[in-house]
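It should be emphasised that the depicted structure is a prediction, and the values quoted were computed from it without experimental measurement. Atoms considered below: every heavy atom in the structure, side chains included; atoms not considered: hydrogens, waters and symmetry mates.
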Amino acid sequence: MIIDKQLDKFRHLTIFGVVLRDTIHRMDTNVGSEVSGPRHTFSTITWPVVESKHCPEGQKEVRAMPMLMLFTFALTDKLKNLFGHDPKWRTKPLPTTGHPPGAPFIIVNEVMERFSYYGMRAVLMIVITTLLPFDQIMTEEEANELFHGFIVWNYAFPILGAIIADAFLGKYRTVLYLSLVYAAGCFVLASDQSIGSIKLGLMLIAIGSGGIKPCVVAYLGDQYGEENKSLVNKTITRFYQGINLGALLSIFLTPLLLQWFGPEVAFGVPAVGMLLATFVFWTGRNKYAHSVPKGFSQVMTELRVGLKPLLKLVGLYLFMSAFFCIYDQSGGEWILQARKMDLNFLGFEWLAAQVQMLNPLIIVLFSGFLEDKLYPRIKKLLGSELSVITVGLGLTCLSFMMVTFVEIKLEDDILMSIGWQLGAYVLLTIGEVFAYLSAMQISYRKAMPSMKSFVQAVFLLSVALGNLFTQQVNGVIQQDPPTFAPDVIGEYVLSLTASDGQSESTSECTLVVMSDADYAVHDAKVKEGQKADQLDKSLKGTAGRDRAVKLGRTDVPLYGSAGSGKLGIKTFNYAWSIKSLPEGSKMTLTDMGGLDRRLASFTPDVFGLYTFGFEARLDAEKITDEVVVNVTDKNLPPVVLASASPVKFGDEDHPVILNGGATYDPNGDDLEYRWDIVKTPEGSAITSDDVKHRFVASKGSIIKGSERYLFFTILIILVTLGFIPFARKVDLGSDYYQGDKEEDSAGTA
């Protein structure tokens, strides 16, 4: 191994230096040269001084070289243990017809690693859209862009991990060392929830998790040889079930930890899980069949040899990237959608981040049946393994059509049951088993033995490509917020006007532009207030915003929410009440649904104002709020609330961002906006025309959520239709297992 050779060279050079030094020293001593004190202090290094027979009586010299030899041997042995190949390790699979002894350690490691990954991911969207410092809270579009960007890096780094494993460290040490980087990222997330720490933690997790991804499944496959290669597919299925068992446990647990104890514990438990995963993997080191890294030049040579089989898989990976473009939205966009739905289903109050646990639950319980019973029948019926992937893509289409339908209804102010999304998860999960699991098995079997890790990395790159597309879509649809750059210090009065085409409303806000000194005082007060807010553990909540509906609507939704910074298990008790009804109404509490839940509903029976009370209790604390629903056929004017925070003068690179985020129309009509400069301080030449993006209320999206869902629905339908002829015509080549001979580009062994 290259690293072994380099360490041996270092050791030999050191030995040569010791012998040379000792020879010169003895020659020097024998000719009677005078020794005055310690001879070799090696610059600033202080070495122990011992008696020497070569020195005049009473003199001492430094005997550093023998000690340096011991140090060198110890150091190089330690480095070889860390980075080299231990000669005691096996390099070939055991000749057995059963499962190899190292396989359980790899699978258990994967269960715990996936517990860490999916636990962190389950609560990430909730944290960055609700629990960051108030000036860093992300919009849905910004959160989706960050989420999919993280997945892009998470699945792009496998290329680097595969090269490191095959060329330098081997699969075992690559997994071991990058797992520590992975755990460090988890601990960064747990230690601080600012946007900078979130991004740093996610990058470390992407490097660690991404680097080990191509190695783990390939390393598991490396444990199998000619005698038991028939067990590889079944083992990969068990491995896949392990992934989903870890995901199931963490998706159920971490949202509860977030609700009970906050983001520190919700991120901290996955961090500890990652350390345990690393420990389990390390304990099995003497039971594995270890791959010996070959050096970078040899890896590049083998890549050239294995390029032809790999190219046959590229078409499959391009189609799979479209699948992942849709599939990974279930961990981001679907969670945000679930927060707006009625989460009470089957007598259970779901958390928005928990709904996705249905995906791993189905795989853990039914993947064996799906693969052993249903999979062969579909394959036999349709004629090829790729046709099973076609079925998976088709089921993915149906799942996304369901959530698109839900989004359309939610935008029409119709409360939808979370059961709709649960049904979509069932379809998506079965589609995942047929599409993703099939593609993963094909990738392992079609890759030449020397290319197993690299081909897995290229397969995972299709995940990155799909999420890169989704990330770019979320970036493109974000609209720039309205901004302007003040030209003098003083107070600027601005107004925001919103019109629904029939009536309009205007709100004014005052922007204070300060000097550096005044702004420093203001900033200190703001930070002190933020700190006080963070220490405030009191119960907070709201009954939602007033709005209008037409008579004849059934199940008009009422939206309530509550939260608390208190630690400990938090069990909220909700209650809705009727405060006042319009004249002639005969509605009673028994006519309402969900009175003891966060989301309730009612059916109006006459025109007029319906006022409802909302109460949330936590232990001895409670909050109350009211919401008014105006049942009318008349148009109500828009509700507008403009705001602008004080700024420091002269910061042209960071102009003032104007916010009309609380603006809405009670009737749900689309609005048109306009910002105007009402008043400026003396000496200012600013006018309304200097406001950039003047006809936008605030940052957000240029298209509605349902339009975005519809776009991706059409995309996956087109991809599925395109995959049908591809599956019928493509030839993916031969299968390869450990021990098979590899052919070069000329076709010779």
[Y] side chain reached by [X] side chain, heavy atoms, under 4.5 Å:
X: Q356; Y: S330; answer: no
X: E333; Y: N474; answer: yes
X: Q329; Y: H148; answer: yes
X: C325; Y: L715; answer: yes
X: L146; Y: F150; answer: no
X: N144; Y: L336; answer: yes
X: I578; Y: F612; answer: yes
X: V627; Y: F614; answer: no

_Before you tell me yes or no, could you show the steps for D518 and K648 under salt bridge (Lys or Arg N to Asp or Glu O under 4.0 Å), namely the whole-Å CA-CA distance, both residues' side-chain angles and the distance that decides it to 0.1 Å?_
CA-CA 8 Å; D518 290 339; K648 181 169 58 176; over 6 Å; no

Checking [X] side chain against [Y] main chain: does a donor-acceptor pair fall under 3.5 Å?
X: E621; Y: A616; result: no
X: W675; Y: V696; result: yes
X: T254; Y: G119; result: yes
X: D665; Y: L671; result: no
X: D676; Y: S688; result: no
X: D690; Y: T687; result: yes
X: N667; Y: L636; result: yes
X: D500; Y: Q502; result: yes
X: R598; Y: S561; result: no
X: E411; Y: G705; result: yes

*Under 3.5 Å, is there a donor-acceptor pair linking the side chains of N635 and S503?*
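A pair is found: one side chain offers a donor N or O, the other an acceptor, under 3.5 Å apart.
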
*Output, in order, the C-alpha distance, side-chain angles, deciding distance and verdict of side chain to side chain contact (heavy atoms under 4.5 Å, CB included) for L658 and L496.*
CA-CA 9 Å; L658 305 176; L496 172 63; over 6 Å; no

*Using the salt bridge (Lys or Arg N to Asp or Glu O under 4.0 Å) rule, take D412 and R553 through it: C-alpha gap first, then chi angles, then the decisive distance, then the call.*
CA-CA 11 Å; D412 289 337; R553 276 282 304 273; over 6 Å; no

*V521 vs M514, side chain to side chain contact (heavy atoms under 4.5 Å, CB included): CA-CA, chis, key distance, verdict*: CA-CA 10 Å; V521 174; M514 301 179 173; over 6 Å; no

*Can a cation-pi geometry be assigned to R545 and Y664, taking NZ or CZ under 6.0 Å from the six-membered ring centre and within 45° of the ring axis?*
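Here R545 passes the 6.0 Å and 45° test against Y664.
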
*Could you check whether the rings of F469 and F712 sit parallel, tilted or perpendicular, using 30° and 60° as the cut-offs?*
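If you compare the ring of F469 with that of F712, the planes turn out perpendicular.
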
*Check the angle between the aromatic planes of Y425 and W334 and answer parallel, tilted or perpendicular using the 30° and 60° thresholds.*
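If you compare the ring of Y425 with that of W334, the planes turn out perpendicular.
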
*Residues in side-chain contact (heavy atoms from CB on, under 4.5 Å) with L415, at least two apart?*
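L415 satisfies side-chain contact (heavy atoms from CB on, under 4.5 Å) with D342, P557, Y559, L599 once adjacent residues are dropped.
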
_So, using side-chain contact (heavy atoms from CB on, under 4.5 Å) as the criterion, who are the partners of K409 when residues are at least two apart?_
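Counting only residues at least two positions away or on another chain, K409 forms a side-chain contact (heavy atoms from CB on, under 4.5 Å) with F405, I414, M416.
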
Could you report the tightest heavy-atom contact between [X] and [Y], atom names first, then the distance?
X: S505; Y: V640; value: O-CG2, 3.7 Å
X: N154; Y: I205; value: OD1-O, 3.7 Å
X: M125; Y: T129; value: O-OG1, 2.6 Å
X: V403; Y: Q337; value: O-NE2, 3.0 Å

_Could you walk me through whether K340 and E407 satisfy the side chain to side chain contact (heavy atoms under 4.5 Å, CB included) test, starting with their C-alpha distance in whole Å, then the side-chain angles of each, then the deciding distance to 0.1 Å, before giving a yes or no?_
CA-CA 9 Å; K340 298 177 283 188; E407 190 69 17; 3.4 Å; yes

Between atom [atom1] of [X] and atom [atom2] of [Y], what is the distance when rounded to the nearest 0.5 Å?
X: F607; Y: T632; atom1: CZ; atom2: OG1; result: 6.5 Å
X: S495; Y: R674; atom1: OG; atom2: CZ; result: 7.0 Å
X: M138; Y: I195; atom1: CE; atom2: CD1; result: 3.0 Å
X: L511; Y: K679; atom1: CG; atom2: NZ; result: 13.5 Å
X: K540; Y: D625; atom1: NZ; atom2: CG; result: 14.0 Å
X: L589; Y: L595; atom1: CG; atom2: CG; result: 5.5 Å

*Trace of the side chain to side chain contact (heavy atoms under 4.5 Å, CB included) decision for V512 with H522*: CA-CA 11 Å; V512 180; H522 163 77; over 6 Å; no

*asked:* Using a 6.0 Å cut-off, check whether atom CE of M401 has over 12 heavy atoms from anything other than its own residue.
replied: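 Open.
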
